[in-house]
Amino acid sequence: MVGGGIGGLGVACSLTRQGQSVRLLESAPAFGEVGAGIQLAPNCTRILDDYGLLDEAKSLGVVPDAMVMRDAVDGEELTRLDLRDLERRYGYPYLVIHRSDLHGLLLRACERAGVELVNDARVTSYENTDGGARVTLASGETHEAGMVIAADGLHSPARKLFVDDRPVSSAYVAYRGTVPAAQPRVKSVDLSEVVVYIGPRCHFVHYGLRGGEMLNQVAVFESPKALAGHDDWGTPDELDAAFAGTCGFVQDGLPFMWRDKWWRMFDRDPIMTWVHGRIALLGDSAHPPLQYIAQGAIMAVEDGWVLGEHVARNRAEDGTVDWTAALAAYEAVRPEHCRRVLTTSRKWGELWHLDGLAREQRNVLLRARDTYDYAFTDWLYGPTALTPDEEPPMFTAIPLDSAVTGEPVPAGGAA
């Protein structure tokens, strides 16, 4: 196993449950996760429950009551999801948690399961062998196994075995930050809600973390410097300029963002081949998405669970695994699901960031949506498919021009 992030730890948990011995190679000198909050929809909390980790996750995170979408310009509510009703529909909760807390609970589960954890092991190349696969480290050291999983992220060298592509820049950048509960700003918000303010070429997200001890904030915007081809894009001056036309609540949150680091947003075009001999891609090495439907880490956890289930289905009584069959079954179902998520994430981001008449049309359609309409989540939040026939149908898109609006609004202005 290569990569000690959420995907790598998740698949290590999954495979040890199926009786497999796992060695996990992590390039960093210590295991850890950078970032702040992460959203876990029912298709992920269902798997955490299967691993026996859901209660611990809930104790570390927050189970919110609602997800609310607002217009970033005027602050008005557009639509919402009742997350308690959503839990009844799908059988598992919607949970928000600090990335480091999710990473930590998966790491502890791996330690309990006896996963061999190796640090300072940066993998530079992958190759198949007669009996399995081999990786070579930057130090020159090699490791061999019956099967190797590349869970080493957006820039995984294993991807070169499948396609000669590069990450795709969205020209968007994310700033993150957390606000302690004692701050007046936190007292002014409902920590039982996950809220996203969507605006012209920008959006702003907030929700509570660690039992309400802090407010997590994310500010995302399109960088003019990126569009112009500059290297120094996404800087704090661009952050402030991008949100200059938003409502007071959003602008008041900007001073709390970490201004010394930001995350440029990349994805890659979907690929449908993830298995090369005894080497398999998993997580962001296979399907790095834009974050608009909050499924990046979830897809990686799902990948690991699906692979583990197919190992169980293709394990003989003596414990040997037909890896060819297990990997083929994994590849038969996961690439198509993740292709759907990647392409939908791109379209959802476009929808969030509309301006002018298109923004007004979007808002009309969102306001018309019933709170308990799950047409746009059933394809995503239900049980993770193990075979292609279990993959649910996609939603039916609603054309923007079907909205009945008033007069067109000026660019950047309120309706």
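The chain is numbered in sequence order, starting from 1.
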Colleague: So how far is it from Asp164 CG to Arg159 CZ, rounded to the nearest 0.5 Å?
Modeller: 10.5 Å

Colleague: Return the CG to OG1 distance between Leu365 and Thr79, rounded to the nearest 0.5 Å.
Modeller: 11.0 Å

Colleague: Does Thr178 reach the side chain of Arg210, with side-chain heavy atoms less than 4.5 Å apart?
Modeller: no

Colleague: Please work out which of the three classes, parallel, tilted or perpendicular, describes the rings of Trp258 and Trp263, given edges at 30° and 60°.
Modeller: tilted

Colleague: Please find out if less than 6.0 Å separates the ring center of His203 from that of Phe221.
Modeller: no

Colleague: Within a 6.0 Å radius of atom CG on Asp318, are there more than 12 heavy atoms belonging to other residues, nucleotides or ligands?
Modeller: yes

Colleague: In residues 389-396, what donor-acceptor pairs under 3.5 Å come from side-chain atoms, sequence neighbours left out?
Modeller:
| from | atom 1 | to | atom 2 | distance (Å) |
| --- | --- | --- | --- | --- |
| Asp389 | OD1 | Thr387 | OG1 | 2.7 |
| Glu390 | OE1 | Leu386 | N | 2.8 |
| Glu391 | OE2 | His337 | ND1 | 2.7 |

Colleague: Do the side chain of Glu238 and the main chain of Gly234 share a donor and acceptor less than 3.5 angstrom apart?
Modeller: yes

Colleague: Would you please test Tyr90 and Thr45 for side-chain hydrogen bond (donor to acceptor under 3.5 Å, both in side chains) and show each step?
Modeller: CA-CA 10 Å; Tyr90 299 115; Thr45 54; over 6 Å; no

Colleague: Is there a side-chain contact (heavy atoms from CB on, under 4.5 Å) between Met214 and Val186? Walk through the geometry before answering.
Modeller: CA-CA 7 Å; Met214 62 178 66; Val186 180; over 6 Å; no

Colleague: Taking the side chain as C-beta and beyond, is there a heavy-atom pair between Val333 and Val306 under 4.5 Å?
Modeller: yes

Colleague: Do Glu76 and Leu78 come within less than 4.5 Å of each other through their side chains, counting heavy atoms only?
Modeller: no

Colleague: State plainly whether the residues Glu331 and Arg334 are in salt-bridge range, i.e. N to O under 4.0 Å.
Modeller: no

Colleague: Using distance alone, with no hydrogens and no angle criterion, decide if Tyr94 and Gln39 have a side-chain donor and acceptor under 3.5 Å apart.
Modeller: yes

Colleague: Without swapping roles, check the side chain of His230 against the backbone of Asp232 for a donor-acceptor pair under 3.5 Å.
Modeller: no

Colleague: Are Arg340 and Glu336 ion-paired here, with the side-chain N under 4.0 Å from a carboxylate O?
Modeller: yes

Colleague: Using a 3.5 Å distance criterion without hydrogens, assess whether the side chain of Ser156 forms a donor-acceptor pair with backbone atoms of Gly153.
Modeller: no

Colleague: Check this for me: does any side-chain nitrogen of one of Glu56 and Arg108 sit under 4.0 Å from a carboxylate oxygen of the other?
Modeller: yes

Colleague: Got a second to check how far Leu327's CG is from Met147's CE, nearest 0.5 Å?
Modeller: 5.5 Å

Colleague: Yes or no on side-chain contact (heavy atoms from CB on, under 4.5 Å) for Gln295 and Asn43, after CA distance, side-chain angles and deciding distance?
Modeller: CA-CA 9 Å; Gln295 287 283 310; Asn43 55 318; 3.0 Å; yes

Colleague: Would you be so kind as to tabulate the donor-acceptor pairs closer than 3.5 Å made by side chains of residues 7-19, with sequence neighbours excluded?
Modeller:
| from | atom 1 | to | atom 2 | distance (Å) |
| --- | --- | --- | --- | --- |
| Ser14 | OG | Gly304 | O | 2.7 |
| Thr16 | OG1 | Ala12 | O | 3.0 |
| Thr16 | OG1 | Cys13 | O | 3.0 |
| Arg17 | NH1 | Asp50 | OD2 | 3.4 |
| Arg17 | NH2 | Asp50 | O | 3.3 |
| Arg17 | NH2 | Asp50 | OD2 | 3.4 |
| Gln18 | OE1 | Arg315 | NH1 | 3.3 |

Colleague: Asn128 side chain to Ala133 main-chain N or O, any donor-acceptor pair under 3.5 Å?
Modeller: no

Colleague: Roughly how far, to the nearest 0.5 Å, is CG of Leu366 from CD1 of Ile198?
Modeller: 5.5 Å

Colleague: For the residue pair Asp303 and Cys338, what are the closest heavy atoms and their distance?
Modeller: OD1-SG, 4.1 Å

Colleague: Treating Asn314 as the side-chain partner and His310 as the backbone partner, does any N or O pair qualify as donor plus acceptor under 3.5 Å?
Modeller: yes

Colleague: Would you name the heavy atoms of Met265 and Ser170 that are closest together and state the gap between them?
Modeller: O-OG, 2.9 Å

Colleague: Thinking salt bridges, do Arg362 and Asp71 make one under a 4.0 Å N-O criterion?
Modeller: yes

Colleague: By the definition side chain to side chain contact (heavy atoms under 4.5 Å, CB included), identify the one residue from Thr124, Asp152, Thr136 that meets it with Pro157.
Modeller: Asp152

Colleague: With distance as the sole test, does Thr344 use its side chain to make a donor-acceptor pair with the main-chain N or O of Val341 at under 3.5 Å?
Modeller: no

Colleague: Under a 3.5 Å threshold, yes or no: a donor from one side chain and an acceptor from the other, between Gln361 and Asp401?
Modeller: no

Colleague: At what distance, to the nearest 0.5 angstrom, does CG of Leu357 lie from CG of Leu400?
Modeller: 9.0 Å

Colleague: So, Arg259 and Asp240, do they make that salt bridge, N to O below 4.0 Å?
Modeller: yes

Colleague: Looking at every non-hydrogen atom in both residues, tell me the closest pair between Gly212 and Leu191 and how far apart they are.
Modeller: O-CD1, 3.6 Å

Colleague: If we only count heavy atoms from C-beta on, is the Pro270 to Thr343 side-chain gap below 4.5 Å?
Modeller: yes

Colleague: Can we say Asp269 and Arg166 salt-bridge, meaning some charged N sits less than 4.0 Å from an Asp/Glu carboxylate O?
Modeller: no

Colleague: Any side-chain donor-acceptor pair under 3.5 Å between His143 and Arg23?
Modeller: yes

Colleague: Verify ring pair (Phe, Tyr, Trp, His ring centres under 6.0 Å) between His353 and Tyr172, making sure each step is shown before the conclusion.
Modeller: CA-CA 11 Å; His353 299 139; Tyr172 276 77; 4.5 Å; yes

Colleague: Would you say Gln291's side chain and Gly296's backbone share a donor-acceptor pair under 3.5 angstrom?
Modeller: no

Colleague: So which heavy atom on Pro399 is nearest to which on Ser402, and how close?
Modeller: O-OG, 2.6 Å

Colleague: Given Arg89 and Asp378, is the salt bridge (charged side-chain N to carboxylate O under 4.0 Å, His left out) satisfied, shown in steps?
Modeller: CA-CA 9 Å; Arg89 182 175 184 85; Asp378 281 344; 2.9 Å; yes

Colleague: Looking at side-chain heavy atoms only, is the closest gap between Leu102 and Leu40 below 4.5 Å?
Modeller: yes

Colleague: Does CG in Asp130 sit with more than 12 non-hydrogen atoms of other residues, nucleotides or ligands closer than 6.0 Å?
Modeller: no

Colleague: Is the closest side-chain heavy-atom distance between Tyr175 and Phe204 below 4.5 Å?
Modeller: no

Colleague: With a sphere of 6.0 Å drawn around CZ of Arg122, does it hold more than 12 non-hydrogen atoms of other residues, nucleotides or ligands?
Modeller: no

Colleague: Check whether any side-chain heavy atom of Pro167 sits under 4.5 Å from a side-chain heavy atom of Arg268, and report yes or no.
Modeller: yes

Colleague: Taking all atoms of both residues into account, what is the closest heavy-atom pair of Phe162 and Thr273, and its distance?
Modeller: CD2-O, 3.3 Å

Colleague: Would you mind checking if Arg46 and Asp49 are paired as a salt bridge, meaning a charged N to carboxylate O distance below 4.0 Å?
Modeller: no

Colleague: Starting from the C-alpha separation in whole Å, work towards a yes-or-no answer on ring pair (Phe, Tyr, Trp, His ring centres under 6.0 Å) for Tyr330 and Trp274.
Modeller: CA-CA 9 Å; Tyr330 167 72; Trp274 293 8; 5.8 Å; yes

Colleague: So does Val2 get a backbone contact from the side chain of Glu26, meaning a donor-acceptor N/O pair under 3.5 Å?
Modeller: no

Colleague: Are any of the side-chain heavy atoms of Glu213 and Leu209 separated by less than 4.5 Å?
Modeller: no

Colleague: Looking at Phe249, is Arg185 sitting on its ring face, NZ or CZ under 6.0 Å from the six-membered ring centre and within 45 degrees of the normal?
Modeller: yes

Colleague: With salt bridge (charged side-chain N to carboxylate O under 4.0 Å, His left out) as the criterion, how do Asp370 and Arg80 come out once you've worked through the C-alpha distance, each side chain's angles and the decisive distance to 0.1 Å?
Modeller: CA-CA 8 Å; Asp370 186 273; Arg80 67 170 51 218; over 6 Å; no

